[in-house]
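What follows is a short report on a single structure.
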Amino acid sequence: MGETPHLHTPILPTDSARLNQKVLMRQGPLAGRYAASAAMVIFALIPYLALSAALEPLAPIVAKQLHMSAQTMSISSGLGNAAYALGTVLAVQLGLHLPQRRMLLGYAVVLVVGSVLTAAAQDAAMFIVGHLLQGLATSMLLIAAAPALAIGYPREKLRTTVMIMNMGIFGAVALGPFIGGLQADANAWRPLFWVVTGVSVLALLLVVLTFEDAPPANPDAPRDLPAIALSAVGSLAAFLGASELTSHSFLDVEVIAPLLGGLALIVVLVVYQYRATQPLLMVREMLTSSIPVAGVVIALFAAAASVSATGLTAAVLAEKYGPVRVGLLYLPELGGAVIAAIAFGFVITRRSVHYMPLVGMVLLAAGILVFWFAMPASQPLALVGSALTGLALGATVAPALFVAGFSLPSANLQRVFALVELLRAVAAFMIAPIFAHFAATVTGDLNEGTNIALWIGLGLALVGGAIGVAIYALSGARPQAPDVDTFLGALRPAWYSPPLLARVRRTHLDDLDIAIPVPESVD
């Protein structure tokens, strides 16, 4: 017999959904088995994330064979990243109104189609459409499958789940430069893309085998078309503007207009969701509570700072060494990610989980500093820097995401993940081409420009960590061991998160002789 999931839907179902659940559901032969579900999540995340990290050394080869310009190749990456950002929001909306496991099956099919299109691409259009579908399907699979894996099984599985998620996201990214370098050294790209297609097919097969039909999470919820439109247009404009930096200067209208316009629309989306009476995303609940805000801030600053430590330094090292050597120099990043994932699994049920994102920011700052000393050609220091960066990324983003998620009832975990991933995608994927353009143009010398960008990244890492600590201190938040059983019950958070800046506001109101109620602590 397989294990029985604790909770099938990450959002509490309505009365009509509960009635639908009484209907006999179709099941796959591996339904309810944790190992199969976990493998499905891993295989679903690897294709796009690994390719995104592997694409830089392969881009000239792909562009030459498909008769694409460097600018067109950059637009392809921008569209894929924009689709990834959109998918985080779209998956939440579809999960409310459509049978979730059937939609998961559909997302896996889209991933396979996108992977086949890129691997078999005969021209730029075929490649771009395939890459776009890969980005869209990956984020939708992440939002649909990962939260359910976290809260759908007994607490004993949570430790394994967080390690799997950490490795599925950051392990794939860390492995990308090495496998990309191997393919580039062979002057080929299709073999890797066909391997990725095979992984996508395995993900689809596991979705079928673990299929367990379930009703929509909340079919009575409103259809938030404005939120979908804002995320779609905002992401598309912002990422296209950033991708135009390949052949334009930052202040050219082709860059600045869509870039600033897209960012403005993302801000409008956040404000709109904050003010909405029935929002699609958990903006109000997250941005008015101290611990989720600290988690989001650290995730965003870590994503932005890490760009200078990986992509830019790889470009400098590529001027000295071949693609395989560069890939090997970044292979310790994978080892760091593995160690961080194991450490995350160890602390997930302890109060020390609060400290892990801060430790990650310190490690990221150290890694960036080591890379600064490593440029332009110190291989030993580059190895140390990549190991520290892998440790840092594994210790920041996923732990910060769960710290934010634990602060709200688990029934909302899907929407928490969606908001954090949307903002992280903007911070990481959009800033990368901006940093690359800055490094190449600020002084006219790539090495000198990268050194300046590394100092900016170092500042971002230190400032992000300091802001996180300040939020805890000024809000009266304290590290607490999560009450995992209560959290998995879907009714209450795992701990008490005081209102944002509660101590500052309480002092101000005390000066005015106004008393405010203090909620009971959930310890």
Side-chain angles (χ1 to χ4, degrees), residues 267 270-271 273-276 279 281-305 344 347-365 395-410 412-413 415-417 419-420 423-424 427 459-484 486-487 491-523:
V267 172
V270 173
V271 174
Q273 289 292 285
Y274 181 91
R275 298 172 60 89
L281 305 175
M282 304 299 296
V283 173
R284 180 186 296 272
E285 292 82 355
M286 290 185 64
L287 299 189
T288 57
S289 185
S290 55
I291 295 179
V293 171
V296 170
V297 167
I298 287 180
L300 296 186
F301 273 81
F344 185 30
V347 304
I348 187 63
T349 58
R350 304 166 184 262
R351 65 193 299 265
S352 50
V353 70
H354 292 264
Y355 298 106
M356 193 168 184
L358 177 61
V359 171
M361 295 302 276
V362 174
L363 289 171
L364 181 56
T396 49
V397 179
L401 190 150
F402 269 91
V403 164
F406 276 159
S407 303
L408 297 170
S410 64
N412 299 306
L413 195 60
R415 293 190 282 176
V416 172
F417 278 24
L419 178 61
V420 175
L423 298 178
R424 188 184 72 85
L460 289 173
L462 295 175
V463 169
I467 292 176
V469 172
I471 289 173
Y472 268 66
L474 296 176
S475 305
R478 60 185 180 84
Q480 309 151 60
D483 185 345
V484 176
T486 296
F487 178 73
L491 298 177
R492 299 173 68 189
W495 50 47
Y496 169 60
S497 174
L500 182 63
L501 305 180
R503 281 183 172 172
V504 176
R505 291 189 290 171
R506 186 178 298 119
T507 300
H508 173 69
L509 292 174
D510 286 344
D511 291 340
L512 298 175
D513 293 327
I514 299 174
I516 59 174
V518 180
E520 281 188 21
S521 173
V522 177
D523 209 346

With rounding to the nearest 0.5 angstrom, report the CG to CD1 distance, L500 to I471.
6.0 Å
Can you sort out the partners of F487 under ring pair (Phe, Tyr, Trp, His ring centres under 6.0 Å), two or more places apart, ordered by chain and number?
F406
Counterpart residues, side-chain contact (heavy atoms from CB on, under 4.5 Å), relative to V469 (two or more places apart)
L358
Q273 side-chain N/O to L281 backbone N/O, donor-acceptor pair under 3.5 Å:
yes
Closest approach of I298 to G464 (non-hydrogen atoms, all atoms of both residues)
CG1-O, 3.9 Å
For T396 versus M361, what's the shortest heavy-atom pair and its separation?
CG2-N, 3.5 Å
side-chain contact (heavy atoms from CB on, under 4.5 Å) involving V362 - partner list, sequence neighbours excluded
none
Exactly one of S410, P482, P409 should register a side chain to side chain contact (heavy atoms under 4.5 Å, CB included) with P493. Which one does?
P409
If every non-hydrogen atom of V293 is compared with every non-hydrogen atom of M286, which pair is closest and at what distance?
CG2-O, 3.2 Å
Which of these, L300, V397, V296, sits in a side chain to side chain contact (heavy atoms under 4.5 Å, CB included) with V420?
V296
Is there any side chain to side chain donor-acceptor pair (under 3.5 Å) pair reaching into residues 353-364, and which pairs are they, with sequence neighbours excluded?
H354-Y472
Quick one: which residue pairs count as a side chain to side chain donor-acceptor pair (under 3.5 Å) with a foot in residues 284-304, not counting sequence neighbours?
S289-S497, S290-S497
Those residues at least two apart in sequence (or on a different chain) that pass ring pair (Phe, Tyr, Trp, His ring centres under 6.0 Å) with F402 are F344, F417
Checking side chain to side chain contact (heavy atoms under 4.5 Å, CB included) for the pair D483/Y496: CA distance, chi angles, key distance, verdict?
CA-CA 10 Å; D483 185 345; Y496 169 60; over 6 Å; no
Over all atoms of both residues, closest heavy-atom pair of L460 and F301:
O-CD2, 3.1 Å
For a quick test of reading the model, state the closest non-hydrogen atom pair linking S407 to P292 and the distance between them.
CB-CG, 3.4 Å
What are the two closest heavy atoms between A427 and A303, and how far apart are they?
CB-CB, 4.2 Å
With rounding to the nearest 0.5 Å, note down the distance linking CD1 in I291 to CG in L408.
10.5 Å
